[in-house]
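Please read the structure below before turning to the comments.
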2 protein chains.
Amino acid sequence: MNHEKIFNCPIEAPISLIGGKYKAIILFYLINQTLRFNELQKFIPQATPKMLTQQLRELEGEGLITRTVYPVVPPKTEYSLTEFGESLIPIVDALCDWGKNYIGNGCSGLRATPS
Amino acid sequence: MNHEKIFNCPIEAPISLIGGKYKAIILFYLINQTLRFNELQKFIPQATPKMLTQQLRELEGEGLITRTVYPVVPPKTEYSLTEFGESLIPIVDALCDWGKNYIGNGCSGLRATPS
DNA sequence: CCGTATCCAAAATGATACTG
DNA sequence: CAGTATCATTTTGGATACGG
């Protein structure tokens, strides 16, 4: 026996991964760019440090992002998408496309664009 | 002044609409088919009647689904997507596509397919 | 700079029983 | 059949202060 979750419907799987309050938003900002903790904080000011840390650790535990700590002073930590995390980009893009139509603006300039 | 929510990032808009625990799943099953309450219950057995009702009412309030009550005995209520609800299909499809790859199966037969 | 720790409030979900 | 009502519980989120 294993401990994998059983899903009745395939959309439950991605929802269980990125259903956290800020997880999809974090992934959005990490597309095509590596960010430090305080950069993420500026992009997502409504998340307290506690929440941001919590969601980042969960994403890391799920294998969707990497966390790289540089042993320097002052501390420096960088977050970026793993390949597995990148597999979710179509979902994030679909959310973003719909959102842009709905609220009539984009995140242009906030998120790095592909070359 | 209006009462629209302000979103910092466009993906927050769809998430606030379909972020409920069963909302995306409900939308999934309503794509291309009208379903009665007890049919939805069978597709989503993990949702209690209370939860299902609640999520359905919220989706209705958001304008994503319609609820049609037929004044017959025994009662008959049908749920289906509105046009606005259908605008979310690309998101649901993206979730589903990812989920199918991840868990290696589909919902074939459960959800009606387009002609 | 990058977090943790503690405590607390609020929101979401669940169990169970019941009704028109 | 299609829900409601009530109550309990769990989960989530936030405020604040502090530490390496």
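Source: prediction; values computed, not measured. Atoms considered below: every heavy atom in the structure, side chains included; atoms not considered: hydrogens, waters and symmetry mates. Chain naming here is simple, since letters A, B, ... match the order of the sequence lines and numbering starts at 1 in each.
Less than 4.0 Å separates DNA chain C from at least one heavy atom of each of the following residues of residues 51-67 of chain B: Met51(B), Gln55(B). A heavy-atom distance below 4.0 Å to DNA chain D is reached by these residues of residues 69-80 of chain B, ordered by number: Pro74(B), Pro75(B), Lys76(B), Thr77(B), Tyr79(B).
The distance from atom CG of Leu40(A) to atom P of dC2(C) is 10 Å, rounded to the nearest whole Å. Nucleotide dT13(C) holds its C1' atom 13 Å from the CD atom of Gln46(B), rounded to whole Å. When the C1' atom of dG14(C) is taken as reference, atom CD1 of Ile44(B) falls 16 Å away, rounded to whole Å. Between Ile15(A) atom CD1 and dT13(C) atom P there is a gap of 12 Å when expressed in whole angstrom units. Regarding Ile18(B), its CD1 atom lies at a distance of 16 Å from the P atom of dA12(C), rounded to whole Å. Per the geometry, CZ belonging to Phe37(B) stands 18 Å off P belonging to dG20(C), to the nearest Å. If you take CD of Gln41(B) and P of dA2(D), they are 9 Å apart, rounded to a whole angstrom.
Distance CD1/Ile18(A) to CG/Leu88(A): 5.5 Å, rounded to 0.5 Å. How far CD1 of Ile26(A) is from CG of Leu56(A): 4.5 Å, rounded to the nearest 0.5 Å. Once rounded to the nearest 0.5 Å, the distance linking CD1 of Ile89(A) with CD of Glu86(A) reads 5.0 Å. In this structure, CD in Gln33(A) is found 11.0 Å from OG in Ser80(A), a value given to the nearest 0.5 Å. Taking CD1 of Ile25(B) as the reference point, atom SG of Cys96(B) lies at 11.0 Å (rounded to 0.5 Å).
Rounded to 10°, the angle separating the first-five-pair axis and the last-five-pair axis of the helix from dG3(C)-dC18(D) to dG20(C)-dC1(D) equals 50°.
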I'd like a table of donor-acceptor pairs (distance under 3.5 Å, sequence neighbours excluded) in which one partner is a side-chain atom from residues 37-46 of chain A, with atom names and distances.
residue  : atom : partner  : partner atom : Å
Glu39(A) : OE1  : Arg36(A) : N            : 2.7
Gln46(A) : OE1  : Asn8(B)  : ND2          : 3.2

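For Leu30(A) against Tyr79(A), the heavy-atom pair with the smallest separation is CD2-O, 3.4 Å.
Applying the 4.0 Å criterion to OP1 and OP2 of dG14(C), one finds that Lys21(B) has a side-chain N or O inside that range. Contact annotation: Arg36(B) does not reach the phosphate of dC1(D) (side-chain N/O to OP1 or OP2, under 4.0 Å). For dT12(D), neither phosphate oxygen OP1 nor OP2 lies less than 4.0 angstrom from any side-chain nitrogen or oxygen of Tyr22(A).
With sequence neighbours excluded, the residues that form a salt bridge (charged side-chain N to carboxylate O under 4.0 Å, His left out) with Glu58(A) are Lys23(A). Take Arg57(B) and apply the side chain to side chain donor-acceptor pair (under 3.5 Å) test, not counting sequence neighbours, and it matches no residue.
A distance-only check finds no donor-acceptor pair linking the side chain of Thr34(A) to the backbone of Glu78(A) [under 3.5 Å]. Side-chain atoms of Glu12(B) never come within 3.5 Å of backbone atoms of Phe7(B) as a donor-acceptor pair (strictly under, hydrogens ignored).
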